[in-house]
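None of the values given here were measured: they were computed from a predicted structure. Side-chain atoms are counted along with the backbone in the values below, which use heavy atoms only and exclude waters and symmetry mates.
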Protein chains: 2
Amino acid sequence: MSNVVNAPERVAPDTLARVQAQIELLGYQPSRAAQTLKQERAGAWGIELNSAGFGRLGAILDTFLIELTTGAAGHGSHVVPFTAPDPLDPLPAYERFVASRVADGFVLTDTRTSDPRPAWLDAHHVPYAAFGRVWDDPGVTSWVDVDGAAGIDAAVRHLAEQGYERIGYLGWPEGSPVGDDRRSGWARATADLGIAHPEWQATTPQVIDAASSAAAGLIDAVGTGGALVCASDALALGAWRVLVERGLEPGVDVGLVGFDDTDIAQALDLSSLHQPLDQVAERVLHVLGTRADSRDPSVGGLLLDPELVIRSSSKPAGDRTKRKEK
Amino acid sequence: MSNVVNAPERVAPDTLARVQAQIELLGYQPSRAAQTLKQERAGAWGIELNSAGFGRLGAILDTFLIELTTGAAGHGSHVVPFTAPDPLDPLPAYERFVASRVADGFVLTDTRTSDPRPAWLDAHHVPYAAFGRVWDDPGVTSWVDVDGAAGIDAAVRHLAEQGYERIGYLGWPEGSPVGDDRRSGWARATADLGIAHPEWQATTPQVIDAASSAAAGLIDAVGTGGALVCASDALALGAWRVLVERGLEPGVDVGLVGFDDTDIAQALDLSSLHQPLDQVAERVLHVLGTRADSRDPSVGGLLLDPELVIRSSSKPAGDRTKRKEK
DNA sequence: TTGTATGCGTTATCAC
DNA sequence: GTGATAACGCATACAA
C-alpha cells in the first residue's frame, strides 16, 4: 500500500489498480500530522500578520494572502498566519513557530530597514522569502518585490504622452524605503523626459486632510493641464477631492494616477498601478521551495513591474469634449 | 519529563525545577505534529478564503483574520486558510482538509441562504462556527453575527437627532440576507420615528457608476438637509462623490453614514458602523472550543451590535457655520 | 515519585 | 513484486 502511493512504478499494474480503487473507495487521505512527523517537514509556511495593519500592505494584504493560499495548495502545502504579541520584537513568535515545527519557513512582508528577521532566520537556517526587498543586506536574494519606481516611471511617461505638461508627485515623507523608491521613479522619468521640476512634489502622511492640503498646493503649482502621480490611492483620493471641490475634472483638467488599484481607484475611476500579486505569491513560494529543499542560493531577488491600469483620470489632457455634464 | 509538562503537581518539586530548567535551557518546544498524531486533534481551524473577495467580508476580512489568528494563539491553536478551487462547490475542499486532519473544524464566513456547508459539516460531525447567521436552519446555533439592522437603526436615529429630516437608504439589491437585514433596520427606524418614506431608497450593486447614479437620484429626493444611510462604505463613497461633485459638503448639507468603518470611511471622515470583530472572533473560537470538546449545543447564536463611529459626515444638520472655506 | 513501554499514521528500508 | 517492520516525538498508562 505505501508503495502504491509513494512509488507506483515499482508495483504490478493490477495490484496498483486494485489498491487505488480501495483508496478511492474509502476516501483515504494521508494524515498530515503523521507525514510531518515522519518527513520532518510540516509542509506549511508561516506568515506574520501585523495587527496594526498599516504599512504598504494594508490595502492589498488580503489579496496577497489569498494568492499565497491558493498557490500553496498547488504545491501541497499550507500557509499558517500568526501574530507577534509584540510587533516591535517579533522574533520570539517566529522562534516558537519553528521550534514546534508548525511551519518549515516564513513569508516575510513589510520588510523594512533594520529588519531583524532576515539575519535571525539565516542564522537559524530557517528558509524564508520576502515580499519586499531585504533592504539591509544586498547579499540576500530571497525576496520578490514590485518595482515601484518603474511603475511610477511608467505613469509619468503615460501622462506625458497624454499631453500633460507639468507632472508633480504626491508622496509619503522621506525615510520609508518603499516611498523613497516610488519617488525616485518620478524623479527619474521627469529627468529623462526633460520635464523635471523638483519643486513639484509634496509629502504627506496617509491622512486625508493632510493629503488634501498637500495636494492643493501641488495642484496650484502644476495648474490646469498638469498632472499628479501619487504614492497610493489614498493620497490620490485626497487630490481627487481637491480637484472636484474646485470644479476641476480629473482626467480632463488635471491628470491623476494612484497606486495599488484598490477599491478607491475603481470607485473614482482613477488610473492606478496594479501589483501582480499572483506572480509575487507564485515566486515567493518558488523561492521557499528551493530554499527548503537545498540551500541553493541561485534563486535571486526578483523585481516585477506593476501594471498601469488606465482609467478616466488620465484621459488625453485638455480633451474637454468629454467633460461630463453635471 | 513528560510528567513535568503534563502533570506538574505529581512530581517532586526539585525534579520539577531541574527538568524545567533544562527545558528552558534547551528551548524545548513540543512538536505539534507529534501532539496531533497522539491526541488526534490538530489544534487548528480551517477558514475558507473566497478568491472572489466579494461578499460582505471583502473590506474587513483581513481584520477579522488577524483577530482570529490572535485569539487562536491564546487558545494554543492556529488558523489555517484555504481556498476552494470551485467556490460554487466548496465541499470537496472542506472534505480534504478534514480527512487529512489539517484542521479540527472550520470557521465559516459569507454564510448565505442555501449554504450547503452547515448541513454537510453537521452530517460529518465536523465542528464549525460561523461569522454570519446560518440562515437556512434556525435550529443551528453555532454562529455569531453583527446586528446590521440594529446598526442601521442606530444610524438613522443618530441622524434624526442631528436634525436631518429626510433619511434615505442606499443599499444592495434585494435577495442577500445581509443586505435585506440592513435595509430592514432603516425601514424599522424610520417607521418608529414617524419619518418613513419607502420611496427614499435605492439599490445598487457594489459598482461605482451604478452606485453614483443611484446615489444621485436619492440625493435629489432627500435634498439638502436630508441624509443617506448606506449598506457599505463603498456605497457611501459613491454618494460622497456625488455630493462633492455637486459642491455639497457631507455632514453640512447632507448627512452620510457608511458601514464597516473601513479605510475609506476613515479617509473621508465618514461616520460609519464599526463591527466588533475582536468580539466576533473571540466568540467564534469559544463556540468552536465547546463544539470540539463536546457536542454541547447549549452555546447559542449571538448577535452583537456594531458601534456607530461618529465623524464629520453626520454633524448637526444645517450647521453651516462650520462649512470649510475653500 | 520516577522511569519505561506502547501506539498514534506514515514512509522508507529490507527481507522475502 | 510484495509484505513486514522500524522510527519520527509525544502523551499516557502502568511498572518499578
side-chain hydrogen bond (donor to acceptor under 3.5 Å, both in side chains) partners for [X], two or more places apart:
{"X": "Arg101(B)", "result": "none"}
{"X": "Asp180(B)", "result": "Arg183(B)"}
{"X": "Tyr128(A)", "result": "Asp122(A)"}

Length of the line joining [X]:[atom1] and [N]:[atom2], which is rounded to integer Å:
{"X": "Arg41(A)", "N": "dT11(C)", "atom1": "CZ", "atom2": "P", "value": "13 Å"}
{"X": "Glu40(B)", "N": "dT6(C)", "atom1": "CD", "atom2": "C1'", "value": "14 Å"}
{"X": "Gln35(B)", "N": "dG9(D)", "atom1": "CD", "atom2": "P", "value": "13 Å"}
{"X": "Arg101(A)", "N": "dT10(C)", "atom1": "CZ", "atom2": "C1'", "value": "16 Å"}

message = Pick the closest DNA chain C nucleotide for Arg18(B) and for Ala34(B) by heavy atoms, then say which residue is nearer the 5' end.
response =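 Final value for this comparison: Arg18(B).
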
ask   = Between Arg32(A) and Asp14(B), which is nearer to the 5' end of DNA chain C once each is assigned its nearest nucleotide?
value =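 Comparing both residues, the 5'-ward one is Asp14(B).
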
request  = Identify, with sequence neighbours excluded, every residue that meets salt bridge (charged side-chain N to carboxylate O under 4.0 Å, His left out) alongside Glu282(A).
outcome  =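 Partners of Glu282(A) by the salt bridge (charged side-chain N to carboxylate O under 4.0 Å, His left out) criterion come out as none, since no residue qualifies.
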
message = Measuring only between side-chain heavy atoms, which start at C-beta, is Val280(A) closer than 4.5 Å to Leu304(A)?
response =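 Yes. Closest side-chain heavy atoms under 4.5 Å.
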
ask   = Does any non-hydrogen side-chain atom of Ile47(A) lie less than 4.5 Å from one of Thr109(A)?
value =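 Answer yes - side chains close enough.
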
Phosphate-side-chain proximity, Gln39(A) and dC8(D), N/O vs OP1/OP2 below 4.0 Å =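 For dC8(D), neither OP1 nor OP2 has a side-chain N or O of Gln39(A) closer than 4.0 Å.
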
key: OP1 or OP2 of dC10(D) under 4.0 Å from side-chain N/O of Tyr28(B)   =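 For Tyr28(B), the contact criterion (side-chain N or O under 4.0 Å from OP1 or OP2 of dC10(D)) is met.
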
For the side chain of [X], starting at C-beta, report the closest nucleotide among [options].
{"X": "Ser31(B)", "options": "dC8(D), dC8(C), dC10(D)", "answer": "dC10(D)"}
{"X": "Lys38(B)", "options": "dG7(C), dT10(C), dG9(C)", "answer": "dG7(C)"}
{"X": "Leu37(B)", "options": "dG9(D), dC10(D), dT10(C)", "answer": "dG9(D)"}

Contiguous Watson-Crick or G-U pair runs (3 or more, under 3.5 Å) in DNA chain D =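 DNA chain D forms these stems: C:3-16 with D:1-14.
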
query = Which residues pass the side chain to side chain contact (heavy atoms under 4.5 Å, CB included) test with Glu95(A), sequence neighbours left out?
reply =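 For Glu95(A) the side chain to side chain contact (heavy atoms under 4.5 Å, CB included) partners, ignoring immediate neighbours, are Trp120(A).
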
